[in-house]
There are 2 protein chains.
Amino acid sequence: MSRELTPRQREIYDFIRDNITTNHLPPTIREIGEKFGMSSTNSVRDVLNALQRKGFIKRRAGISRGIELTHSHTEEYRTIPLVGRIAAGAPITAIENIEDSFAVDKTFVPSGDIFALRVQGDSMKDAGIYDGDFVMVKKQSSADRGDIVVAVIGDEATVKRFYPEKGRVRLEPENPDYGPIIIEKKLPQFYIAGKVVGLMRRM
Amino acid sequence: MSRELTPRQREIYDFIRDNITTNHLPPTIREIGEKFGMSSTNSVRDVLNALQRKGFIKRRAGISRGIELTHSHTEEYRTIPLVGRIAAGAPITAIENIEDSFAVDKTFVPSGDIFALRVQGDSMKDAGIYDGDFVMVKKQSSADRGDIVVAVIGDEATVKRFYPEKGRVRLEPENPDYGPIIIEKKLPQFYIAGKVVGLMRRM
DNA sequence: TAAAATACCGCACAAATAGGCAGTTGTCAA
DNA sequence: TTGACAACTGCCTATTTGTGCGGTATTTTA
């Protein structure tokens with residue numbers, strides 16, 4: 001279906017895309033024609049028809065500026081809640097706990113229930129996770145051995161490597177200055193909030 | 001200046017906003033009128049004038065669908081080009097070099113000319129920058145001492161710490177396994193592409 | 001209480017816009 | 001060499017759309 005574009009088609013497609021991002025508005029047929037020095041609206045129409053046939057754009061008949069990108073760069077992001085405090089018992093992404101939220105590219109995080117958390121301390125420094133980093137966490141109550149998880153103990157959330165052992169759980173930091181945390185499995189104030197699937201850092 | 005909106009104005013403002021997010025297109029004056037059962041375009045114009053005067057929208061005269069939201073809740077993210085190859089001479093973000101692009105929250109990267117680059121190798125491992133990470137780079141041709149920069153040498157881009165010295169530049173890795181790179185300043189095939197301002201990692 | 005703002009109607013007009021038909025030229029593959 | 005496709009010109013039409021002028025009635029503000 002979607003064959004390759006010719007240079008001309010690519011050029012015009014790019015112009016439409018840029019126009020949308022710059023002016024928040026798709027161009028009219030004549031605007032395209034003027035830009036590329038075409039004196040006939042039909043010249044543009046031919047190209048638009050080609051783009052539509054090849055599946056790159058959609059058009060809404062009779063509507064001004066009714067050009068829409070199919071491979072829409074418009075909705076490639078998700079909004080992820082940034083969790084402030086984490087308290088045992090309360091659901092993590094309860095509205096009361098959401099401090100902020102930000103946009104992340106869809107291809108960057110797996111689908112499903114994701115939240116973000118700000119890392120405190122440098123106990124995971126040798127895993128490249130630093131104080132102040134934001135980790136993207138996929139909500140799940142269990143994890144595989146060796147996964148980096150967000151564990152909640154009482155009212156504190158901590159990022160550590162997860163090692164299940166007989167009757168207990170070992171949470172291993174990635175920093176020789178810190179020792180492991182051992183949790184007896186029965187503890188009700190302990191649970192796994194999720195698995196770390198991504199990281200963002202401002203520098 | 002921007003006083004409160006009347007219920008009617010709020011209603012119409014919301015409709016415009018919803019229309020943009022749903023149809024990726026602002027409505028025409030008549031579309032608004034139809035929606036709210038107004039038979040005169042002037043009824044709509046009055047409200048639009050009020051919205052403009054109060055600073056909620058901007059209008060582009062003579063242009064169809066030329067309504068723009070000022071407090072744009074639509075644009076909390078930016079699209080950053082992911083640069084594939086980097087070749088000396090050619091402008092980095094030339095279309096030929098752009099491999100992909102992805103959305104990033106606006107609050108996450110500074111404004112200005114930003115591109116993303118995939119890190120190869122672990123020479124910056126002790127700065128928490130790992131093989132396969134994406135770094136966000138602010139385009140600039142110079143940097144401060146100690147900044148982490150993207151330097152282009154010939155056809156290769158490398159991420160290192162920047163130390164200007166007399167008549168030359170020292171690029172320092174953050175990994176004891178690697179030594180510094182020394183560049184004589186005159187070299188034309190060497191330049192600073194930008195400064196690393198952020199990092200993203202998939203895990 | 002007067003002035004300003006709000007929220008409408010109705011009509012008219014010009015510009016902007018999409019769409020259509022007929023034809024030309026060059027390229028490229030069957 | 002024929003035919004499909006790409007990329008155009010030119011001209012015409014119908015619809016869409018923004019804008020302008022002149023109104024009315026009610027509410028809010030100074």
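For clarity, every value in this text was computed on a predicted model and none was experimentally measured. Chain letters run A, B, ... following the sequence lines, proteins first and then strands; every chain starts at 1.
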(request) Could you list the residues that satisfy side chain to side chain donor-acceptor pair (under 3.5 Å) with A:Arg201, not counting sequence neighbours? (result) A:Asp133
(message) Does D:dT16 have its OP1 or OP2 closer than 4.0 Å to a side-chain nitrogen or oxygen of B:Ser64?
(response) no
(message) If you compare every side-chain N and O of B:Arg53 against the phosphate oxygens of C:dT6 (OP1, OP2), does one of them come in below 4.0 Å?
(response) yes
Tell me whether the side-chain N or O atoms of [X] pair up with the base of [N] as donor and acceptor below 3.5 Å, since no angle test is needed here.
{"X": "A:Arg30", "N": "C:dA18", "result": "yes"}
{"X": "A:Ser40", "N": "D:dG10", "result": "yes"}
{"X": "A:Asn42", "N": "C:dG23", "result": "no"}

(request) Please confirm whether A:Arg145 makes a cation-pi placement over A:Tyr163, using NZ or CZ under 6.0 Å from the six-membered ring centre and within 45° of the ring normal. (result) no
Give one of base, sugar-phosphate or nothing for [X], where a contact means two heavy atoms less than 4.0 Å apart.
{"X": "A:Arg65", "result": "sugar-phosphate"}
{"X": "A:Ser43", "result": "base"}
{"X": "B:Thr28", "result": "sugar-phosphate"}
{"X": "A:Ala50", "result": "nothing"}
{"X": "B:Arg8", "result": "sugar-phosphate"}
{"X": "B:Gly33", "result": "nothing"}

Gap between atoms [atom1] and [atom2], on [X] and [N] respectively (whole Å):
{"X": "B:Arg59", "N": "C:dA16", "atom1": "CZ", "atom2": "C1'", "value": "14 Å"}
{"X": "A:Met38", "N": "D:dA6", "atom1": "CE", "atom2": "C1'", "value": "11 Å"}
{"X": "B:Glu34", "N": "D:dG18", "atom1": "CD", "atom2": "P", "value": "12 Å"}
{"X": "B:Ile29", "N": "C:dA15", "atom1": "CD1", "atom2": "C1'", "value": "13 Å"}
{"X": "B:Asp46", "N": "D:dT19", "atom1": "CG", "atom2": "C1'", "value": "13 Å"}
{"X": "A:Asn49", "N": "C:dG20", "atom1": "CG", "atom2": "P", "value": "9 Å"}
{"X": "B:Arg60", "N": "C:dA16", "atom1": "CZ", "atom2": "P", "value": "15 Å"}
{"X": "A:Gln9", "N": "D:dC8", "atom1": "CD", "atom2": "P", "value": "10 Å"}

(request) Please tell me which of B:Pro7 and A:Thr41 maps to the more 5' nucleotide of DNA chain C, matching each residue to the nucleotide holding its nearest heavy atom. (result)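 It is B:Pro7 whose nearest nucleotide is closer to the 5' end.
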(message) Please determine whether side chain to side chain donor-acceptor pair (under 3.5 Å) holds for the pair A:Ser40 and A:Asn42, giving the CA-CA distance in whole Å, both sets of side-chain angles, and the decisive distance to 0.1 Å.
(response) CA-CA 5 Å; A:Ser40 173; A:Asn42 230 16; 5.3 Å; no
(message) Using the salt bridge (Lys or Arg N to Asp or Glu O under 4.0 Å) definition, which of the options A:Lys58, A:Arg59, A:Arg60 pairs with A:Glu68?
(response)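 Only match with A:Glu68 under salt bridge (Lys or Arg N to Asp or Glu O under 4.0 Å): A:Arg60.
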(message) Consider side chain to side chain contact (heavy atoms under 4.5 Å, CB included). Of B:Val197, B:Ile148, B:Leu117, which one does B:Val135 pass it with?
(response) B:Leu117
